[in-house]
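What follows is a short report on a single structure.
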Amino acid sequence: MNVERSQNDGGLRTRTLSSGADFAALWGPIQQLRGQLGAEHDVTLDPLHFLAYTDETRRSCAVACFRGEALAGVMYATQHYSKGWATGLVVGGDFAGRGLLLCAPEDESNVLGAGVERLLASGIHSMHLRMLPQDGSESMGLALSGCKIASYDKRIAGDRMELGSSFAELVSGFGRRTRKNITQHRRMLLEGGYRFVPEVSQERYAEALRWLNGKADFNAAGLRLVRDERLLRLHQGMRLGIESSEGVLVSALCGFVRRGRFHLLTQLNDSSLSRLSLSTVLRTYLMEHLIGMGVGDLQVMGGSSLALGRYFAPLQYRSIYIDKDHGMLSVAKRGCSAATRLLRKRGKPIPSALAIACGAFLRQFPEERELHSPPAAAADFEDSAAS
């Protein structure tokens, strides 16, 4: 946990936080900074939540930045490991841009630059950093020699929704067609003998996921499900679902309440019942249940679903790729970039995972209409790649 001075940002000192002990040594300053920035309600910037998110395949390489003796910020990031070996591949922030930087808006570019420089100096050769720019800048302000850098800014569907005081009031704010579909699909479920289950045991939930993972459009990687369980234990989480008349869970989700906000981690649905719109219907049952509990907000970790995403407050998202030349890996990324250009030229859909695999070698990030799968699928690609 040695300290170095950064050249990229005008003088911030940096320190790598690679273990729980490293975070514990700065626990007071980190919590004080969270309080000063009003970030104590953001679970993605909570060190305990961040550490629970790590494992043997995704280890902390977070960087603390100091101005003098005072903590100026933290860049939360993890490095992928394969069979115990460091890969040099780093990811920071989620697919909604949260969880990368803990710092004041005016320190954003400095902390980002200092953190990136520290990681590059330690042997990291590839980074994918996702953030919500707070300083109003239209560029990253990174000055890195010997690196290829690509940045993509986009306004995306948000991940948070205020639930209000009643479900009827919440739904009244949805579009006419959405309201009609919710009513129709709920009625179809009831007529088909399905029902909402507000409490599902850990054992039943785990059994349902094993079955649903073979029936869902997008499977949840095993690492993600294990990580979910750690977070559910940390935050005393909840498991909910929809069951058939035979008692089979055809849709299940999990999450936890923290400071009056429910954080939805994972949802799996039986894709053979797509006519019932299980994903949307279960989330509306969840919303109604949470309002009854007095929970005021819903956050879908990593980004909201397509069906209801338009009703979440939009976010200005930035995705940053940084790559140093690294032999055959760089050759492979150039190949992936060429593949995306060929797919675009032929008018074919581009897998999100392929676009992400290009790193900074991707010349133009695909538009949403060009992607074959949503960012949620790409998130599972990252989990799978780490195993």
Side-chain angles (χ1 to χ4, degrees), residues 1 3 6 9-54 60-78 92-94 96-115 118 129-137 158-163 230-237 255-265 294-302 313 315-318:
M1 197 173 67
V3 180
S6 169
D9 60 88
L12 289 181
R13 294 184 303 113
T14 57
R15 178 190 302 176
T16 303
L17 308 178
S18 57
S19 67
D22 292 341
F23 276 96
L26 289 176
W27 182 261
I30 291 175
Q31 296 306 327
Q32 182 179 11
L33 184 58
R34 289 181 72 206
Q36 291 172 351
L37 299 174
E40 63 269 41
H41 292 280
D42 189 345
V43 71
T44 64
L45 295 174
D46 181 343
L48 287 179
H49 178 88
F50 171 76
L51 289 170
Y53 195 79
T54 61
S60 173
C61 58
V63 178
C65 301
F66 301 86
R67 182 174 289 110
E69 297 301 315
L71 180 68
V74 177
M75 187 177 87
Y76 291 91
T78 57
D94 64 21
R98 298 193 191 276
L100 177 66
L101 296 178
L102 172 66
C103 63
E106 60 270 21
D107 282 330
E108 197 167 76
S109 60
N110 288 338
V111 171
L112 177 65
R118 172 81 182 201
L129 308 177
R130 286 126 12 182
M131 61 185 292
L132 300 174
Q134 302 296 312
D135 61 0
S137 67
D159 59 342
R160 292 178 180 173
M161 174 189 287
E162 291 186 12
L163 298 176
R230 287 199 302 273
L231 294 171
L232 292 173
R233 287 194 297 271
L234 174 66
H235 300 297
Q236 299 179 325
F256 58 88
V257 177
R258 182 80 181 272
R259 294 181 179 268
R261 174 181 294 145
F262 182 83
H263 301 77
L264 197 162
L265 294 173
V295 176
D297 295 276
L298 168 65
Q299 179 170 338
V300 182
M301 304 295 280
L315 298 170
Q316 189 61 40
Y317 169 85
R318 176 173 295 166

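Since the structure is predicted, the reported quantities are computational estimates derived from the model, not experimental observations.
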Separation of L231 CG from L234 CG (nearest 0.5 Å): 6.5 Å
Side chains of residues 63-71: which donor-acceptor pairs under 3.5 Å do they make with residues two or more places apart or in other chains?
| from | atom 1 | to | atom 2 | distance (Å) |
| --- | --- | --- | --- | --- |
| R67 | NH1 | D107 | OD2 | 3.4 |
| R67 | NH2 | D107 | OD1 | 2.9 |

Y76/L45 under side-chain contact (heavy atoms from CB on, under 4.5 Å): CA gap, chis, key distance, verdict: CA-CA 8 Å; Y76 291 91; L45 295 174; 3.7 Å; yes
side-chain contact (heavy atoms from CB on, under 4.5 Å) between L101 and M131, intermediate numbers included: CA-CA 8 Å; L101 296 178; M131 61 185 292; 3.9 Å; yes
Interatomic spacing from CZ in R13 to CZ in R118 - rounded to 0.5 Å: 10.5 Å
Check: R98 and L132 side chains under 4.5 Å, non-hydrogen atoms: yes
Ion pair D297/R259, N-O distance below 4.0 Å: no
Check: H263 ring centroid to H235 ring centroid under 6.0 Å: no
Flag side-chain contact, heavy atom, 4.5 Å: Q31 against P47: yes
Gap between atom CG of L265 and atom CE of M301 - 0.5 Å precision: 6.5 Å
Nearest non-hydrogen partners of A96 and D159, listed with the distance: CB-OD2, 3.6 Å
Where G260 and V295 come nearest, the two heavy atoms and their spacing: O-CG1, 3.4 Å
Validation row: L102, R34 side chains within 4.5 angstrom (heavy atoms): yes
Reported OG-to-CZ distance for the pair S18 and F23, which is rounded to 0.5 angstrom: 9.0 Å
Heavy-atom side-chain contact between Y53 and T44 under 4.5 Å: no
Closest non-hydrogen atom pair, C103 against V111: CB-CG2, 3.9 Å
Partner set under side-chain contact (heavy atoms from CB on, under 4.5 Å) for Q32, not counting sequence neighbours: Q36
Any side-chain heavy-atom pair of F262 and V300 under 4.5 Å: no
Within-4.5 Å side-chain heavy-atom neighbours: M75 and L112: yes
S60 side chain to L17 backbone, donor-acceptor under 3.5 Å: yes
Full working for side-chain contact (heavy atoms from CB on, under 4.5 Å) between R160 and L315: CA-CA 10 Å; R160 292 178 180 173; L315 298 170; over 6 Å; no
Donor-acceptor pair, side chain of R261 and main chain of L298, under 3.5 angstrom: no
Residue pair D42 / E40, side-chain heavy-atom distance below 4.5 Å: no
Geometric class of the H49/F256 ring pair [parallel <30°, tilted 30-60°, perpendicular >60°]: tilted
CA sep, side-chain torsions, deciding dist, call: D94, R130, salt bridge (Lys or Arg N to Asp or Glu O under 4.0 Å): CA-CA 6 Å; D94 64 21; R130 286 126 12 182; over 6 Å; no
Side-chain touch R258/H41, heavy atoms, less than 4.5 angstrom: no
